Every structure is written in C-alpha cells, then in structure tokens.
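The structure under discussion appears below in the form of structure tokens.
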Amino acid sequence: MESERVQNIASTFEDTIPEAFIRSEHEQPAITTVHGINLDVPVIDVSDPDEEKINRLIADASREWGMFQIVNHGIPSEVISKFQGVGRAFFELPQEEKELYAKPPGSKSIEGYGTFLQKEIEGKKGWVDHLFHRIWPPPAINYHFWPKNPPLYREANEEYVKYLHGVVDKLFKSLSLALGLEEHELREAVGGDELTYLLKINYYPPCPRPDLALGVVAHTDMCSITILVPNDIQGLQACRDGDWYCVRYIPNALVIHIGDQIEILSNGKFKSVFHRTTVTKDKTRMSWPVFLEPPPDLAVGPHPKLVNEKNPPKYKTKKYGDYCYCKLNKIPQ
C-alpha cells in the first residue's frame with residue numbers, strides 16, 4: 001500500500017486531523033472562502049435548437065469563466081445514477097478488496113486505486129482517495145483497473161460512455177466554431193479518434209476539521225476538457241477575482257471545465273479554470289470527472305490558424321506527456 005488511505009484515517013480521528021492535512025492559512029477554506037454566496041457559473045441548455053446561441057454561450061463561458069454547467073445534455077438520469085452507484089459501491093468494499101486495484105508501486109501510469117497524486121510544494125496532502133482508469137477508446141483500456149465488484153461496474157461505465165460521446169462531440173464542435181475554426185479542427189488537434197477518456201472517481205470521506213483541510217488542492221486541469229458528474233454534497237469551488245466561491249450544485253447537470261490544452265490551443269482566448277474541492281464534517285462527498293486527454297506523444301500548441309504577427313503564440317508547443325510530467329512534478333513549462 002502506497003500509504004494509509006484517507007478513508008481509514010477518517011475513521012480513526014474524531015476531533016482533529018493529522019498535521020499533513022492541515023493547510024496553511026492562505027489555503028484554509030474557512031479563511032479563504034467567501035461564505036454565503038454560491039457562484040452561479042453559466043448554465044447552458046444544450047438541447048436548445050438554436051445552435052448559434054449555444055455556441056455563443058459556450059464561448060462566453062469559456063472565455064470569462066473557464067467553466068459552465070450543461071443541462072438537457074442527452075445522458076439519461078438513470079444512466080448517471082447507475083454510473084454513480086457502482087463507483088460508490090466500490091469505495092464501500094472491504095479495504096483489502098480495494099487494494100487489489102491499487103496503482104502498482106513505481107508505475108508511470110496514473111491508473112489504479114490510490115491516495116496521493118502529485119507533488120505539493122508544502123508537502124501537504126489532500127483529504128481524498130481516488131480510482132483512475134481509462135474508459136475510451138477500447139485500445140487504451142486496461143481492464144485490470146476496472147473493479148469486478150460491484151458486478152455491474154463494467155456495464156454501468158460502458159453505458160455512460162456510450163452517451164458521453166454525444167456530449168464530447170457537441171462541446172468540441174461548439175468550441176471549434178467559436179474560435180472561427182471548422183467544427184472538426186479542435187477535436188483533431190487534441191487527438192481525434194485517439195482522444196482518451198480518463199475517469200477519476202474522487203472519494204472524500206467525512207473530515208473532523210473541514211475548516212482546515214482541502215479535498216483537492218487548487219489547480220487547473222491538464223487535459224483538454226473535463227466533464228464532471230458531481231453529487232449533491234457541496235464541495236466544488238472556483239476562484240473568481242482572487243476569491244474562492246462554492247459552485248452551485250444543479251441536479252442532473254454536468255460541470256464542464258476548460259483544461260490547459262484548450263487554453264493553449266485557443267492561444268489564451270479560452271481560460272483553464274482554477275478550482276479546488278472542500279470536504280464536510282459528517283458526509284461523504286464524491287465526484288466523477290472524465291478528463292479528455294490527447295495521446296502522450298501528441299504535440300499541442302496554439303492552433304496555427306489562431307496565430308499571426310499581430311497575435312503571436314503565447315504558449316510553447318509541447319508533447320502532452322511531457323506537459324503532464326512537468327505539471328505533476330511542479331517543473332516550469
């Protein structure tokens with residue numbers, strides 16, 4: 001085992017938490033959150049027949065917020081509930097069974113059950129356990145990391161992916177057109193048919209001192225786009241004008257994050273959202289983000305059609321795998 005799981009730590013502490021989980025004052029949510037105000041990030045009905053309107057709303061949200069929520073997205077609520085249910089059931093398994101899916105020691109892959117993900121400057125830890133595995137395309141999938149328990153785990157994930165394709169296509173098409181590109185060009189620039197869907201299930205156990213801890217530290221997502229299924233326990237926060245606000249939960253909505261690769265491809269026109277997660281004292285929170293990742297060897301930089309003498313490249317062109325390595329290890333890009 002890489003270290004003690006947060007789920008186990010949570011069951012042994014009643015009034016305090018280990019020092020490694022106590023954030024410095026400039027990060028503690030009790031101090032840094034603007035309380036009493038939920039951030040109403042744009043909510044977009046993607047079933048609206050007016051496609052130009054949808055494209056405009058997505059472009060505005062991507063430029064001004066870096067995130068938005070979509071409703072009437074075409075994924076049935078029962079498909080999402082089943083997808084959530086099997087993820088929840090995995091984390092309720094006995095510890096020794098979960099450990100069968102642990103990320104192998106020394107593995108360069110991110111896949112598997114684990115606790116700590118990236119180097120933190122102050123050596124602190126997030127109050128979260130996770131399970132990572134790829135869910136698309138089929139050649140990229142390693143079923144070793146797909147739990148065999150609960151028995152419907154694979155079926156629920158594959159059904160969710162089947163519907164997710166439509167959401168992915170719609171998002172890339174809208175973003176591409178909003179940048180003045182052909183509708184297929186942005187998706188092609190992040191890998192086309194080799195675009196990988198990486199699922200992360202976040203499990204945030206109850207925390208005795210939610211005022212001092214964070215689930216996931218403030219960050220932007222490395223990928224192109226993140227499509228996140230939340231649950232109804234408040235926890236997602238976004239940074240707005242230097243302050244931290246809770247993002248309002250909307251039932252059956254999907255939360256969309258613009259990631260670093262779209263910011264790079266758009267040459268800064270769209271912004272990768274700076275966000276973090278908090279935890280609660282008496283409830284377990286979970287979330288199910290799917291990261292849309294370019295292949296590791298694909299070089300991503302500002303799209304050639306979006307740069308010229310008046311608008312030179314603002315970002316380096318870099319292989320996605322190298323970009324991730326630098327970001328996880330806090331090496332300047």
Side-chain angles (χ1 to χ4, degrees), residues 1-11 73-104 107 109-117 126-168 196-207 215-216 226-233 235-236 249 251-255 277 279-280 282-292:
M1 196 187 303
E2 64 182 58
S3 58
E4 192 170 3
R5 305 303 184 193
V6 174
Q7 196 171 358
N8 295 336
I9 294 170
S11 65
H73 41 67
I75 306 181
S77 57
E78 59 269 21
V79 170
I80 292 177
S81 294
K82 189 174 166 185
F83 173 65
Q84 290 176 301
V86 294
R88 195 175 296 112
F90 169 75
F91 280 93
E92 292 169 356
L93 293 174
Q95 191 61 40
E96 57 271 21
E97 192 166 351
K98 292 197 288 282
E99 294 297 340
L100 296 174
Y101 303 96
K103 178 181 171 180
S107 171
S109 170
I110 207 168
E111 291 188 279
Y113 170 63
T115 297
F116 304 115
L117 178 60
W127 192 265
V128 61
D129 294 326
H130 61 249
L131 176 66
F132 271 107
H133 62 75
R134 293 181 175 87
I135 56 175
W136 191 263
I141 293 174
N142 183 348
Y143 287 109
H144 173 75
F145 295 113
W146 289 47
K148 293 182 173 58
N149 254 336
L152 293 177
Y153 187 90
R154 178 167 173 172
E155 178 185 309
N157 275 262
E158 288 179 342
E159 190 174 16
Y160 179 67
V161 170
K162 183 176 72 175
Y163 284 98
L164 191 62
H165 292 316
V167 176
V168 172
T196 300
Y197 299 13
L198 176 66
L199 170 66
K200 182 188 184 194
I201 306 178
N202 290 306
Y203 184 90
Y204 307 95
C207 178
V216 175
T226 303
I227 302 172
L228 180 140
V229 174
N231 71 356
D232 57 355
I233 310 300
L236 177 61
Y249 168 75
N252 298 317
L254 297 174
V255 183
T277 56
V279 292
T280 64
D282 52 5
K283 292 181 179 177
T284 294
R285 181 176 177 270
M286 295 185 70
S287 65
W288 291 258
V290 170
F291 305 105
L292 305 180

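A quick note: this is a predicted structure, and the numbers were derived from the prediction, not measured.
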Please report the interatomic distance [atom1]([X]) to [atom2]([Y]), rounded to the nearest 0.5 Å.
X: Ser11; Y: Gln95; atom1: OG; atom2: CD; value: 9.0 Å
X: Tyr113; Y: Lys103; atom1: OH; atom2: NZ; value: 14.5 Å
X: Leu236; Y: Asn202; atom1: CG; atom2: CG; value: 10.5 Å
X: Asn231; Y: Arg285; atom1: CG; atom2: CZ; value: 6.0 Å

Any heavy-atom pair between the side chains of [Y] and [X] that's under 4.5 Å?
X: Trp136; Y: Leu198; answer: no
X: Phe132; Y: Leu199; answer: no
X: His133; Y: Lys200; answer: no
X: Thr284; Y: Pro206; answer: yes
X: Leu292; Y: Val168; answer: yes
X: Ile233; Y: Thr280; answer: yes
X: Val167; Y: Ile227; answer: yes
X: Val290; Y: Leu164; answer: yes

Qualifying residues under side-chain contact (heavy atoms from CB on, under 4.5 Å), relative to Glu97, sequence neighbours excluded =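 side-chain contact (heavy atoms from CB on, under 4.5 Å) check on Glu97 returns Leu93, Pro94, Leu100, Asn149.
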
[X] side chain to [Y] backbone, donor-acceptor under 3.5 Å:
X: Ser81; Y: Ser77; answer: yes
X: Lys98; Y: Phe90; answer: no
X: Thr277; Y: Val216; answer: yes
X: Asn157; Y: Tyr153; answer: yes

Which of parallel (below 30°), tilted (30 to 60°) and perpendicular (above 60°) describes Trp288 and Phe83?
->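 Tilted, since the angle between the ring planes falls between 30° and 60°.
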
How would you list all residue pairs meeting salt bridge (charged side-chain N to carboxylate O under 4.0 Å, His left out) that involve residues 135-144, not counting sequence neighbours?
->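 Residue pairs passing salt bridge (charged side-chain N to carboxylate O under 4.0 Å, His left out), neighbours aside: none found.
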
Restricting to pairs with a member in residues 128-153, which pass salt bridge (charged side-chain N to carboxylate O under 4.0 Å, His left out), not counting sequence neighbours?
->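 For residues 128-153, and leaving out neighbouring residues, the salt bridge (charged side-chain N to carboxylate O under 4.0 Å, His left out) pairs sorted by first residue read Glu111-Arg134.
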
Is it the case that more than 12 heavy atoms not belonging to Lys82 sit under 6.0 Å from its NZ atom?
-> yes

What heavy-atom pair brings [X] and [Y] nearest, and what distance separates the two atoms?
X: Pro205; Y: Tyr203; result: CD-O, 3.4 Å
X: Gly74; Y: Tyr163; result: O-CD2, 3.5 Å
X: Val128; Y: Gly215; result: CG1-O, 3.2 Å

Would you check, one step at a time, whether the test side chain to side chain contact (heavy atoms under 4.5 Å, CB included) holds for Ile135 with Arg154?
-> CA-CA 10 Å; Ile135 56 175; Arg154 178 167 173 172; over 6 Å; no

Go through Phe291 and Thr196 one step at a time and tell me if the side chain to side chain contact (heavy atoms under 4.5 Å, CB included) criterion holds.
-> CA-CA 8 Å; Phe291 305 105; Thr196 300; over 6 Å; no

Just checking, is any N or O donor in the side chain of His165 or Tyr197 under 3.5 Å from an acceptor N or O on the other one?
->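 Short answer, yes.
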
What residues form a ring-ring contact (aromatic ring centres under 6.0 Å, His included) with Phe145, not counting sequence neighbours?
-> none

How would you list, by chain and number, every residue that makes a ring-ring contact (aromatic ring centres under 6.0 Å, His included) with His144, sequence neighbours excluded?
-> none

Can we call the ring centroids of Tyr204 and His130 under 6.0 Å apart?
-> no

Summary of side chain to side chain donor-acceptor pair (under 3.5 Å) pairs that have at least one residue in residues 83-93, sequence neighbours excluded =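 Found none.
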
Thinking salt bridges, do Lys162 and Glu158 make one under a 4.0 Å N-O criterion?
-> no

